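Written below as structure tokens is the structure these notes are about.
Computed from a predicted structure; not experimentally measured.
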Amino acid sequence: MPELPEVETVKETLKQQIVGKTIADVTVIYGKLIKNQDAESFKQALIGNTLRNIGRYGKYLFFHFAGVVLIVHLRMEGKFFLKPFSEPYQKHEHIIFSFTDQSTLRYHDVRKFGTMEIVPEGTEMEVEGIKKLGKEPFGSDFTDSYIYDKIYKSTRPIKSLLLDQEIVAGLGNIYVDEVLFLSGLDPRRPGKDVSRIEAGMIAKNCRKVLEKAINLGGTTIRSYTSSLGVSGRFQNELNVHTRKGLPCLKCGNSIEKTRVGGRGTYYCPSCQK
DNA sequence: AAGGGTGTTGAAAG
DNA sequence: GCTTTCAACACCCT
């Protein structure tokens, strides 16, 4: 479930549900999710600690405890479920955080791509993969010039550039397709062939798409189970993504699917040049 | 019914 | 450097 709007939704939901709870125990079933640390020291860093707050940057979640921060990336299919202690473990539940009030937070990840890492408080922005993240599309410094400077020399397709987290933090496959549709740009167009004006359209449409998606609780497609905070409604607003063969909502021509930078890509051949 | 595709990203290869 | 391909893993769809 993980692009910026979905991660934001998870963050907000979890904030309401578990901030203030104290960890009584941690059960690590699949330890490979944990980076730079063994399961035992991971547990010891958390047991007895109270969750103070939850933050987000790009697609990363930050669980703030006293002295340490737990950094989580959901990758392709990571989900959190809040369940009573008595509930038996289910398949694909890899790490269980038990709280002193008998509730448990369970990390569920069919493909096991997600990551968890504990770092000292205050060092979280220096962590590999985070320190190089680009700007999020909110805020006055996310401008046509910011985008243009990042792409104007590149031969890579504009879609790949916008998926690059070092350029825009938080966009993923769904929302990039939507941003390029609204901007009227062919996803295969090389970055060097995108004008400053068009870069401005991209900046504006990133904000538009992400804000709307956040307000609707994100997008839920191909979800096998309902997960905490992931009953999104933005799937009803998609213009191109998942709409192969359906009429373009702007011009009526058929939406096509192709492959750009190894990713499935939906676009309208007549609206996007 | 085997093979390609999947909301991601880092490492390896060219 | 910069760009492209592939691997990590399990499951769904053709």
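Taking the six-membered ring where tryptophan is involved, the planes of A:Tyr107 and A:His94 are tilted, since the angle between them lies from 30° to 60°. Using cut-offs of 30° and 60° on the angle between ring planes, the pair A:Phe97 and A:Phe80 is tilted.
The nucleotide whose nearest atom lies closest to any side-chain atom of A:Val110 is, among C:dC9, B:dG7, C:dC11, C:dC11. The nucleotide whose nearest atom lies closest to any side-chain atom of A:Tyr30 is, among B:dG5, C:dC9, B:dG7, C:dC9. Residue A:Lys112 has its side chain nearest to C:dA10 when only C:dA10, B:dG7, B:dT6 are considered. Of the candidates C:dT3, B:dT8, C:dA10, the closest approach to any side-chain atom of A:Met76 belongs to B:dT8. Side-chain atoms of A:Pro157 lie closest to C:dT4 of the nucleotides B:dT6, C:dT4, B:dT8. Comparing C:dA8, C:dA10, B:dG7 by their nearest atom to the side chain of A:Lys32 picks out C:dA8. The nucleotide whose nearest atom lies closest to any side-chain atom of A:Arg156 is, among B:dT8, C:dC9, C:dT4, C:dT4. Of the candidate nucleotides B:dG7, B:dT9, C:dC11, C:dC11 has the atom nearest to the side chain of A:His92. In this structure, of B:dT9, B:dG7, B:dT6, it is B:dT9 that holds the atom nearest to the side chain of A:Gln165.
At the heavy-atom level, A:Arg263 lies under 4.0 Å from base atoms of the strands shown. Residue A:Ser160 is classed as having no contact, given no heavy-atom separation below 4.0 Å to the nucleic acid. Contact annotation for A:Lys153: no contact, since no heavy-atom pair falls under 4.0 Å across all strands. Within the nucleic acid shown, A:Gly172 comes within 4.0 Å of sugar-phosphate atoms alone, with no base atom in reach, counting heavy atoms only. Counting any heavy atom pair closer than 4.0 Å across all strands shown, A:Tyr60 reaches sugar-phosphate atoms only and no base atom. Residue contacts for A:Thr115: at a heavy-atom cut-off of 4.0 Å it reaches no nucleic acid atom on any strand shown.
When every heavy atom of A:Gly20 is checked against every heavy atom of A:Thr50, the shortest pair comes out as O-CG2, 3.5 Å. The two residues A:Gln272 and A:Leu185 come nearest to each other via the heavy atoms NE2-O, 2.9 Å. Of all non-hydrogen atoms in A:Tyr30 and A:Lys112, the two that sit nearest each other are CZ-CD, 3.5 Å.
Straight-line distance from the CG atom of A:Leu163 to the C1' atom of B:dT8: 10 Å, rounded to whole Å. The interatomic distance linking A:Arg75 (CZ) with B:dT8 (C1') rounds to 5 Å, in whole Å. Put simply, CD on A:Gln235 is 15 Å from P on B:dG7, counting in whole angstrom units. The distance from atom CG of A:Leu161 to atom C1' of B:dT9 is 16 Å, rounded to the nearest whole Å. C:dT3 atom C1' lies 11 Å from atom CG of A:Asp164, rounded to whole Å. Atom CZ of A:Arg188 and atom C1' of C:dT4 are 17 Å apart (whole Å). Between the CD1 atom of A:Ile29 and the C1' atom of C:dA10 there is a distance of 17 Å, rounded to whole Å.
Between A:Lys192 and A:Thr155 there is a side-chain heavy-atom pair separated by less than 4.5 Å.
For A:Thr219, no side-chain nitrogen or oxygen approaches OP1 or OP2 of B:dG7 to under 4.0 Å. Here A:Lys91 reaches the OP1 or OP2 of C:dC11: one of its side-chain N or O atoms lies under 4.0 Å away. Within the 4.0 Å cut-off from OP1 or OP2 of B:dG7, not a single side-chain nitrogen or oxygen of A:Thr220 is found. Look at A:His73 and you won't find any side-chain N or O under 4.0 angstrom from OP1 or OP2 of B:dG10. Contact annotation: A:Lys59 reaches the phosphate of B:dT9 (side-chain N/O to OP1 or OP2, under 4.0 Å). Residue A:Lys257 places at least one side-chain N or O under 4.0 Å from the OP1 or OP2 atom of B:dT6.
Here, B:dT9 and C:dC11 have their P atoms 23 Å apart, quoted to the whole Å. Taking atom P in both B:dA1 and C:dC9, one finds a spacing of 27 Å when rounded to whole Å.
Following chains of ILVMFWY side-chain contacts shorter than 4.5 Å, one can reach A:Val26 starting from A:Ile18, so the two form part of one hydrophobic cluster.
Mapped onto DNA chain B by nearest heavy atom, A:Gly129 and A:Arg259 fall at different nucleotides, with A:Arg259 at the one closer to the 5' end.
Across all strands shown, B:dT8 is found opposite C:dA8 as a Watson-Crick or G-U wobble partner, with both distances under 3.5 Å.
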